[in-house]
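Everything on this sheet refers to the single structure shown next.
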Number of protein chains: 2
Amino acid sequence: MPPSIQDVADRANVSISTVSRVLNGRNVVNEHTRKRVESAIKDLGYSPNVFARGLMLRRSHILGLVLPDLHGEFYSEIIRGANMRARELGYKLMISSVVAKDDGSELMATVADHGVVDGLAVMISEVNARTRASLEKVKIPLVVLDGDIGGVRHDSVVIDQKMGAVALLRHLVNDCGYRRIAFVGGLVTNIDTIERLSAYRAVMEEAGLEVAAGDIHHLDYQYDTAYELGVRRVREWSRRRSAVFAANDEMAAGIIDAALAAGLSVPDDLAVVGFDDTRIATMTRPRLTTVRVPMSSMGAAAVDLICQRLENPKRPASKLILQSELVVRESCGCPSANGRS
Amino acid sequence: MPPSIQDVADRANVSISTVSRVLNGRNVVNEHTRKRVESAIKDLGYSPNVFARGLMLRRSHILGLVLPDLHGEFYSEIIRGANMRARELGYKLMISSVVAKDDGSELMATVADHGVVDGLAVMISEVNARTRASLEKVKIPLVVLDGDIGGVRHDSVVIDQKMGAVALLRHLVNDCGYRRIAFVGGLVTNIDTIERLSAYRAVMEEAGLEVAAGDIHHLDYQYDTAYELGVRRVREWSRRRSAVFAANDEMAAGIIDAALAAGLSVPDDLAVVGFDDTRIATMTRPRLTTVRVPMSSMGAAAVDLICQRLENPKRPASKLILQSELVVRESCGCPSANGRS
DNA sequence: TAGTGCATTGAAAGCGCTATCAAACGACGC
DNA sequence: GCGTCGTTTGATAGCGCTTTCAATGCACTA
């Protein structure tokens, strides 16, 4: 049984009220008494019981983070970012992954109802009526990550992929001078693919460039399928002096490897650019020109927003837009590429 | 203010004791009364206050997971595994990353003293006196991940890398017939490098093969440095018909790319194998023969052990050894490689 | 009718903390 | 000497829950 506030009080010959005052530092305590209490605390190795405290204050200093069952870098980067900031602000982080098929409502209900967390950051892969309904039920500060739920009053953090995608494509068109660009994305329904594709169309139109029917491919974000597509297409692409805009780094890597396997040079025969700036981007040869998506910043920002709302519940709901950033490496064949990055 | 047990009691016209009995299901409650209470609970959307409950039961059903500030796959895989199992067992997971330089004691103290968590899984990158001392202080069920702290009574989960490494090297020697194998590891002080190197030496000796002075290289687990080493060495290696055992997949990828860049064929001119079976392993061309390290199982096992001890505190400390597993793909040049995996 | 046993329920005592209110005390001006 | 004030402290009422113990009601036996 760990020491309680009563034990400290006894040892310091004061009442528990005084100990509490010393602990919370709000009220004035005589210098001499404080010293006595503090040394009693240290002697006993006392630290206040979180449950008792939470029961009174209705604060746990724990934040919940609800994520879809992501693999890989995104998952860990969000957690890392959130965790770091939470630590800085004196909070702990409770993580819950939702299984892929679940819409998140079940788990979010659990977490929120459970009543342990002071605030909640939620990332939902699939927005639907049930999701929305369960979000409405949350009565603690809530931040939605990377997904826009219309009509609900809560803070959100999104990443503006479009800006980065536009910058990337303008770079291909204006700086590198490509006239034909193929797009390789994920499923047509995928939100990221939609964003990136729309940037692609916009820039192509803006530059007055043609988008042929066969220039847009919908795959599954995997290396292998992109490699297979590459095997079939790289010769044709290189004959047309194309660039390929893959909607993530993994597919870009697959296409590069397919090109290399076909005896082509990247970027001389074919330029390939990716998206996300994951670990992979610096592992391909040539290194990938891509767009950096600030995942860990998103985690950190979510924690920030929750804490701000915790301090000031009246603050109007805000939407924080994080910019994605063009990272130029060698795979675009751009002369200004700075070798390493 | 969420409804309390009193609200439920009022609505069902019973005392709070009865409501509590219904909630916990330990004591017998009249069928009819139970129905009334249950519908009152549902009507009010009541769920018990965790703090009040924790205060009585001294259980939060939250487990702590303390990890070094890892990037990438390991980090997220451990969390994923732990999280899944925790969910299955009705626990929540609280994550803390420790900054790289920290020895973990500070944070562990925070988490444990704080008193929120019922149990703790800790992964320490650096074992020293301070770490050991702070581990001793933990009074709740503790599981140490992937690190052996001598003399402390607690459960631990380790991954037997050596078995996998031995299997890998025997495969190179016995099945593929390589007589010269170079080793590319991390720093000499790195625990993983030590394990993998010792497996290397053991198998080489067992097979009566020579290890030349220049056959062992200590790098930093990075792609780039491995690539550079590769650029300098691949020709020589291939002349000797060597295989290269890289102590992780990333370095293996670097060496493969260096070999390809030098116009060599992998595995025909040079075989390269890796370790860890990360995402990278299936992204290289040829795909990597490597050793799978069950990170997510480690997370799950940690949660299991904590919960077992929670149920039965008297259980003797146990050490769970997870086996690593040889994964044969194409990069070893072994005829039995099954193309895809 | 009184006594016994069982099933069901309620009253009340904490768990360890914070917060409110009142008490104690010396200093001060009148 | 007496009220007034400011400083410091203690007593105590909960927060929402579990748990112990006692009370109630009823069937059954003697």
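A, B, ... follow the sequence lines: proteins, then strands. Residue 1 opens every chain.
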Within the structure provided, determine whether A/Q323 and A/I321 are in side-chain contact (heavy-atom separation under 4.5 Å).
yes
Take B/E38 and B/K42 through the test salt bridge (Lys or Arg N to Asp or Glu O under 4.0 Å) and record every step on the way to the result.
CA-CA 6 Å; B/E38 274 164 357; B/K42 184 171 280 179; over 6 Å; no
Would you call the rings of B/F51 and A/F51 parallel, tilted or perpendicular, taking 30° and 60° as the class edges?
tilted
Between A/S96 and B/L93, is there a side-chain heavy-atom distance shorter than 4.5 Å?
no
Distance in angstrom units between B/E31 CD and C/dT8 P, rounded
10 Å
If you find the nucleotide of DNA chain C closest to A/F51 and the one closest to B/V29, which residue's nucleotide is nearer the 5' end?
B/V29
I'd like the 5' and 3' limits of the part of DNA chain D contacted by chain B, with heavy-atom contacts below 4.0 Å.
D/dG16 to D/dT19
N or O in side chain of B/S15 less than 4.0 angstrom from C/dG10 OP1/OP2:
yes
Of all heavy-atom pairs between A/P68 and A/M123, which one has the smallest distance, and what is that distance?
CD-O, 3.3 Å
Nearest atoms (heavy-atom pairs only) where A/L63 meets A/V117:
C-CG1, 3.9 Å
Do you know which two heavy atoms are closest between A/L142 and A/H154, and how far apart they sit?
O-CB, 3.6 Å
Would you say the side chain of A/D10 lies within less than 4.5 Å of the side chain of A/Q6, judging by non-hydrogen atoms?
yes
Report, one pair per line, the protein and nucleotides 18-24 of chain C atoms (nitrogen or oxygen only) whose separation is under 3.5 Å.
{"unit_1": "C/dT18", "atom_1": "OP1", "unit_2": "A/N24", "atom_2": "OD1", "d": "3.3"}
{"unit_1": "C/dT18", "atom_1": "OP1", "unit_2": "A/N24", "atom_2": "ND2", "d": "3.3"}
{"unit_1": "C/dT18", "atom_1": "OP1", "unit_2": "A/R53", "atom_2": "NE", "d": "2.9"}
{"unit_1": "C/dT18", "atom_1": "OP1", "unit_2": "A/R53", "atom_2": "NH2", "d": "3.1"}
{"unit_1": "C/dT18", "atom_1": "OP2", "unit_2": "A/S20", "atom_2": "OG", "d": "2.9"}

5′-ward residue of the pair B/T18/B/R58 relative to DNA chain C:
B/T18
Can you give me the closest heavy-atom contact between B/Y46 and B/S4, atom names plus distance?
CE1-C, 3.5 Å
Could you state the CG-P distance from B/L55 to C/dA13, rounded to the nearest angstrom?
17 Å
Helix axis bend for the helix from C/dT1-D/dA30 to C/dC30-D/dG1 - C1'-based end axes, five pairs, 10° rounding:
70°
Do the charged groups of A/K319 and A/D155 touch, with an N to O distance under 4.0 Å?
no
Among A/D146, A/I79, A/D276, A/L67, whose side chain to side chain contact (heavy atoms under 4.5 Å, CB included) with A/F74 holds?
A/D276
